[in-house]
Amino acid sequence: MTTELAKAYDPKDVEPRWYQYWLDHGVFAASDAPGDARPTYVLPMPPPNVTGSLHMGHALFCTLEDVLVRFHRMDGYNTLWQPGIDHAGIATQTVVERILKREGKTRHDLGREKFLERVWDWKAQSGDRIQLQQRVLGVSADWPRSKFTMDADLSKAVREAFVRLYEEGLIYRDKRLVYWDCEVHTVLSNLEVDNEPAKGELFEFAYEVEGGGEIVVATTRPETMLGDTAVAVHPDDPRYTHLHGKRVRHPFLDRTFPIICDAVLVDPKFGTGAVKVTPSHDFNDFATGKRHDLEFINLLTIDGKLNENGGPFAGLDRFVARKAVKKALEEKGLTRGSKPHDLVLPKSQRTGTVVEPMMSTQWYVKMAPLAEPAIAAVREGKTKIIPEEWTKTYEHWMTNILDWCISRQLWWGHRVPAFYCADCDHVTVTREDAPATCGGCGGASLRQDEDVLDTWFSSGLWPFSTLGWPEKTPALERFYPASDLETGYDILFFWVARMMMMGIHFMGEPPFKRILLHGLVVDETGDKMSKVKGNVIDPLDLIHGATFDAVIEKALPGAPHDEALRKFKKAYPSAGQMGAGFASYGADAMRFTLASYSPQAKRIPLSPKKIEGYRNFCNKIWNATRFALGYIDGATVGATPPRATTLANRWILSRFAFAIDGARTGIADFRLDDASSALYQFFWGDLCDWFLELTKPTFNPSEALGPAAEGQKDETRDVLAYVIEGALRALHPFIPFLTEELWHRVPRAPGAPVSLALASYPTPATAPRDLDAERDMAAVQAVIGAARSIRSEHEVHPGAEIPLVLRTDDARVAALLVAETRAIRTLVKTAGAPTIEARGGARPHGTVMSVAAETEVLVALKGLVDPAKETARVDRELKKVEKDVAALEKKLALPSFADKAPPELVAESKAQLEELQRKRVALGEAQGLAAELGEAEKP
RNA sequence: GGGCGGGUAGCUCAGUGGUAGAGCGCUGGUCUUACACACCGGUGGUCGCAGGUUCGAAUCCUGUCCCGCCUACCA
């Protein structure tokens with residue numbers, strides 16, 4: 001590649017180029033070839049819903065996982081990132097039903113078979129959209145292995161799992177109270193129900209007691225009184241002792257029921273102290289009903305209307321019935337008032353509708369026997385949860401786990417493989433599609449269960465069903481268990497815990513070594529992204545760029561422009577400074593941003609400004625490479641560090657070593673924030689701000705260099721080439737597109753692979769740590785900094801050259817400063833070479849002074865100085881030093897410190913104090929100089 | 001009601017015993033031939049509050065006040 005690099009980096013020119021290249025070269029493929037002896041790194045990707053399109057949450061997990069995956073691939077692992085799609089039962093069925101509705105049809109008009117055809121059609125059309133979007137992010141998954149949870153092989157796995165669990169007695173059918181979604185007409189597991197606080201009323205009414213009198217009860221759901229089969233009071237409540245054993249009469253229905261005593265249900269201090277009991281529609285009442293052997297009367301139809309047991313109210317919708325019942329009670333003179341009441345409404349996570357507790361026969365998985373080994377696996381460290389704090393939550397949930405209701409009254413999903421016999425009550429559970437005969441009586445009229453399984457049942461098998469289970473495939477052999485599982489903490493129970501249980505049960509060992517959990521992407525102010533709030537950002541808009549007009553059109557469709565814009569900017573204050581919209585920041589910048597958030601944060605407040613900042617970092621990488629390319633042509637880049645003798649060269653290799661260590665440690669600990677920041681600081685802070693500047697006087701000397709310096713030039717060229725190439729490799733997992741682009745332009749080691757994605761990740765052997773060089777360089781930097789500070793404080797024009805005198809009594813420092821004369825001269829911009837001498841000489845008028853690294857830094861400013869400013873500057877420095885001196889003196893004065901603190905620390909503190917004291921003396925002199933300036937000003 | 005997490009610079013966040021850090025913002029100066037998506041300076045925090053342990057605490061312990069999240073059957 002010889003084309004010139006543009007002055008500014010534009011991701012649009014670079015990013016689209018590389019994905020196809022990677023696919024063409026099979027870069028992402030894992031290998032299950034028997035001869036492949038590399039260690040494996042396996043990461044099952046959380047399968048996005050088939051209904052989904054890419055959102056910020058996907059962008060986050062794709063980034064984090066891609067970093068892990070690309071790192072391990074480069075680090076020599078046979079890496080499998082297993083992608084796929086989840087069939088998402090309720091969500092998908094709802095989407096397709098909505099399409100049908102527009103055609104004026106329901107799924108029942110079509111029938112089950114035709115409806116399923118429609119779903120498959122829809123899936124074929126838009127089911128892989130999200131996978132195409134993932135490519136924009138650079139996701140390096142092994143696409144040819146992609147699986148869909150409804151694929152034939154995965155369906156086979158589901159059936160196998162069901163049958164085995166059934167045969168082991170771990171799956172059973174039972175009639176009990178469940179959460180019912182009246183909109184989709186299906187049962188939900190307790191995990192799929194969200195409890196939302198709401199304002200309601202506590203409505204009181206009276207039951208007439210047989211034999212005279214009344215008893216007043218309170219309820220938030222008056223319509224359920226139609227299913228009441230008892231009134232409960234506390235056995236010790238004196239107010240009701242006289243009613244024990246009596247019965248009450250139902251005002252609308254021709255039945256009576258008992259007044260019972262129950263200390264569990266009734267809190268005498270709440271309400272009237274008397275509780276109506278509706279065993280079929282309330283979880284507490286259900287238990288009470290079981291305790292007292294009460295009658296169970298189901299009131300509701302599957303779509304939330306009152307059934308025939310509702311008497312005069314039969315046929316009414318539950319909410320209509322509520323009003324009607326209240327009115328009817330009113331008419332009978334039985335209402336006894338109402339008051340506002342805070343309650344908690346159970347709502348369907350999917351449809352948002354209030355779910356109803358209802359009696360129903362469903363399939364369940366017995367959880368306790370499965371949970372126990374899953375708890376043990378974490379407790380024994382076979383599987384580690386990171387961040388560790390989630391371990392407690394996991395244990396707590398797993399030890400209190402309820403049996404899992406797995407049947408759903410949907411059409412889209414894996415059908416329950418159970419068959420009912422017309423001739424006997426045997427249930428045939430089988431791997432066959434259509435068994436011919438009943439396993440009980442041998443009869444031939446069998447009818448399959450209508451229900452399908454909870455989507456999470458199939459996702460629970462994901463780590464092994466995707467590899468071919470129940471067949472013993474080479475892939476299963478090689479890639480189970482996985483190394484890591486990375487996902488949001490919000491599905492720890494839905495998915496992760498279930499994979500743990502299923503994996504251990506069917507495969508005999510936990511499905512992964514580590515569970516890595518990340519937080520939720522929220523808006524810049526910390527609010528959850530939601531369509532209602534209008535604060536949703538499409539990651540693709542940040543990657544490709546978008547005007548705010550386009551952005552809010554998506555965030556709050558149909559809303560008035562100004563209102564939507566106001567809401568959006570409120571959610572993203574930093575966007576207020578960004579003009580008319582987002583620039584095309586590129587996938588690399590977004591990835592780096594997402595990787596820079598600490599994984600233990602539960603919330604990840606997305607800041608557009610931060611993405612802009614990392615776009616700037618990409619530009620920095622681009623331009624640093626552009627600069628380097630001007631000098632490193634023809635440099636030799638080897639597998640081992642080049643010869644480095646100059647301070648700058650030794651130093652940058654050492655800083656590189658430090659950065660690599662930071663990156664590797666961060667990635668290993670799932671602290672991608674630490675890893676990315678180590679690389680960022682190295683590249684920008686060390687490489688660009690110092691090293692590149694230091695190469696300039698070598699590459700472009702202001703005066704002719706001797707032969708020795710010419711040698712340095714070659715050395716510096718090789719070091720620069722080596723560090724740039726290595727840095728691109730180190731950054732690649734985070735910034736894959738840009739680094740790949742640039743890597744093809746810089747000199748590489750002989751035998752380099754076709755893609756940077758296949759190059760080796762820098763190792764500790766890549767560069768030597770050189771603490772002497774770091775110490776010396778820090779001294780030089782401090783001296784340069786002090787001189788620059790003086791320049792800047794006195795508003796010396798950046799182009800002007802200043803005379804610089806450096807005074808030190810430390811022979812080693814003096815030698816160092818002499819050796820680094822050219823660096824100091826260039827970076828401070830001095831007039832001629834700086835003078836380096838011993839302390840104590842005279843100081844000409846107009847000289848200002850600072851102290852750094854045991855060195856007096858003197859600048860003669862020839863009357864350019866503002867005495868007041870100089871006094872202020874010195875005072876400021878002096879104040880700082882005095883504060884530090886005071887703190888140290890105080891500490892050292894304590895006898896207990898010298899006695900009990902580690903001796904190294906005491907010695908170190910003493911040395912520090914001495915240095916600071918010397919500095920204080922020097923600054924005192926500087927103060928004198930500043931004062932002289934003031935006098936000199938006066939005529 | 002229970003559990004968990006958090007309160008550190010104007011903002012968003014790192015920092016698990018040894019004299020407080022980053023990015024952004026703010027501010028002064030520069031278009032210095034890699035980069036103004038930049039460079040060189042500067043400002044800015046009694047680490048929620050109160051006790052305790054320790055030679056030493058943002059960091060450990062106790063209490064307390066706020067803020068989140070999860071969980072729960074007060075009718």
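Lettering follows sequence order; numbering is per chain, from 1.
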Sugar-phosphate only, base, or nothing, as touched by A:Pro902 at under 4.0 Å among non-hydrogen atoms: base
Heavy-atom donor-acceptor pair, A:Ser792 side-chain to B:G28 base, under 3.5 Å: yes
Sugar-phosphate, base or nothing in reach of A:Cys688, heavy atoms under 4.0 Å: base
Donor-acceptor pair (no angle test) under 3.5 Å: A:Glu693 side chain, B:A34 base: yes
Atom-pair distance (CZ on A:Phe683; P on B:C35), nearest Å: 15 Å
A:Thr224 side chain vs A:Arg221 backbone, donor-acceptor pair below 3.5 Å: yes
side-chain N/O A:Arg876 vs B:G44 OP1/OP2, d < 4.0 Å: no
Intermediate values then yes/no, side-chain contact (heavy atoms from CB on, under 4.5 Å), A:Ile260 and A:Arg291: CA-CA 11 Å; A:Ile260 58 170; A:Arg291 280 198 296 274; over 6 Å; no
Nucleotide nearest A:Asp689 (side chain, heavy atoms from C-beta), chosen from B:U19, B:C39, B:C55: B:C39
Nucleotide of B:U12, B:G18, B:G25 approaching A:Lys609 most closely (side-chain heavy atoms): B:G25
Separation between the C1' atoms of B:A14 and B:A20, rounded to whole Å: 12 Å
Under 3.5 Å on both distances, the Watson-Crick or G-U partner of B:A72: none
Under-4.0 Å side-chain N/O to phosphate OP1/OP2 contact, A:Lys7 with B:A36: yes
OP1 or OP2 of B:A38 under 4.0 Å from side-chain N/O of A:Asn623: no
Per A:Leu692 side chain, nearest of listed nucleotides B:A72, B:C55, B:A34: B:A34
Touch class at under 4.0 angstrom, heavy-atom based, for A:Asp267 against every strand present: base
Listed nucleotide nearest any side-chain atom of A:Thr220, set B:A75, B:C37, B:A72: B:A75
Worked verdict on A:Ile386 versus A:Asp669 for side-chain contact (heavy atoms from CB on, under 4.5 Å): CA-CA 8 Å; A:Ile386 298 170; A:Asp669 298 344; over 6 Å; no
Rounded distance (Å) that lies between atom P of B:C40 and atom CD of A:Glu793: 16 Å
Interatomic distance, A:Ile611 CD1 vs B:G23 C1' [rounded to whole Å]: 14 Å
Nearest-angstrom distance, C1' atom, B:C70 to B:U64: 24 Å
Which atom of A:Leu916 lies closest to which atom of A:Leu888, heavy atoms considered: CD1-CD1, 3.5 Å
Out of B:C24, B:C4, B:A38, whichever nucleotide has its closest atom nearest the side chain of A:Lys602: B:C4
Phosphate OP1/OP2 of B:A75: any A:His341 side-chain N/O under 4.0 Å: yes
Whole angstrom value for the distance that separates C1' of B:C4 from CG of A:Leu520: 16 Å
Options B:U12, B:A14, B:A75, nucleotide nearest the side-chain atoms of A:Ala218: B:A75
Integer angstrom distance from the C1' of B:C37 to that of B:C31: 14 Å
Pairing nucleotide - B:U64, Watson-Crick or G-U, each distance under 3.5 Å: B:G48
Atom pair distance, as rounded to whole Å: NZ in A:Lys392 and C1' in B:G5: 10 Å
Identity of whatever pairs with B:G18 - Watson-Crick or G-U, under 3.5 angstrom: B:C55
Between B:G45 and B:U8 - P atom distance, rounded Å: 15 Å
Spacing of the P atoms in B:C26 and B:C11 (rounded, Å): 14 Å
Sugar-phosphate only, base, or nothing, as touched by A:Asp490 at under 4.0 Å among non-hydrogen atoms: nothing
OP1 or OP2 of B:C39 under 4.0 Å from side-chain N/O of A:Trp684: yes
B:G15 and B:A72, which share atom name C1', separated by this distance in whole Å: 36 Å
A:Asp267 vs A:Val275, side-chain contact (heavy atoms from CB on, under 4.5 Å): CA-CA, chis, key distance, verdict: CA-CA 9 Å; A:Asp267 172 6; A:Val275 185; over 6 Å; no
Distance between P atoms of B:G48 and B:A58 (Å, rounded): 10 Å
Base partner of B:C26, which must satisfy Watson-Crick or wobble distances under 3.5 Å: B:G42
A:Arg626, nearest nucleotide to its side chain (from B:U32, B:A34, B:A75): B:A34
Rounded distance in Å - CG (A:Asp669) to P (B:A14): 16 Å
Lys NZ or Arg CZ of A:Lys276 over A:Tyr207 ring: under 6.0 Å, within 45°: no
Below 4.0 Å: OP1/OP2 of B:A34 and any side-chain N or O of A:Lys696: yes
Nearest-Å distance for atom pair CG/P, residues A:Asp674 and B:G21: 17 Å
Residue A:Arg671, side-chain atoms from C-beta onward, closest of B:G18, B:A14, B:A75: B:A14
B:C31: pairing nucleotide in any strand, Watson-Crick or G-U under 3.5 angstrom: none
Test side-chain contact (heavy atoms from CB on, under 4.5 Å) applied to A:Arg239 and A:Thr272, step by step: CA-CA 10 Å; A:Arg239 290 173 294 177; A:Thr272 61; 5.7 Å; no
Touch class at under 4.0 angstrom, heavy-atom based, for A:Ser607 against every strand present: nothing
Any A:Pro357 side-chain heavy atom under 4.5 Å of A:Trp180 side chain: no
Sugar-phosphate only, base, or nothing, as touched by A:Asn400 at under 4.0 Å among non-hydrogen atoms: nothing
A:Tyr614 and its ring pair (Phe, Tyr, Trp, His ring centres under 6.0 Å) partner, picked from A:Tyr9, A:Trp684, A:Phe592, A:Phe734: A:Phe592
Rounded distance (Å) that lies between atom C1' of B:C4 and atom CD of A:Glu395: 14 Å
Side-chain donor/acceptor of A:Lys620 to base of B:C35, under 3.5 Å: yes
Given B:U19, B:C31, B:G18, the nucleotide with the shortest approach to the side chain of A:His797: B:C31
Separation between the P atoms of B:G7 and B:U16, rounded to whole Å: 12 Å
N/O (side chain, A:Arg615) to phosphate O (OP1/OP2, B:C37) under 4.0 Å: no
N or O in side chain of A:Ser789 less than 4.0 angstrom from B:G42 OP1/OP2: yes
Geometric class of the A:Phe699/A:Tyr631 ring pair [parallel <30°, tilted 30-60°, perpendicular >60°]: parallel
Counter-base of B:A9, judged by Watson-Crick or G-U geometry with both distances under 3.5 Å: none
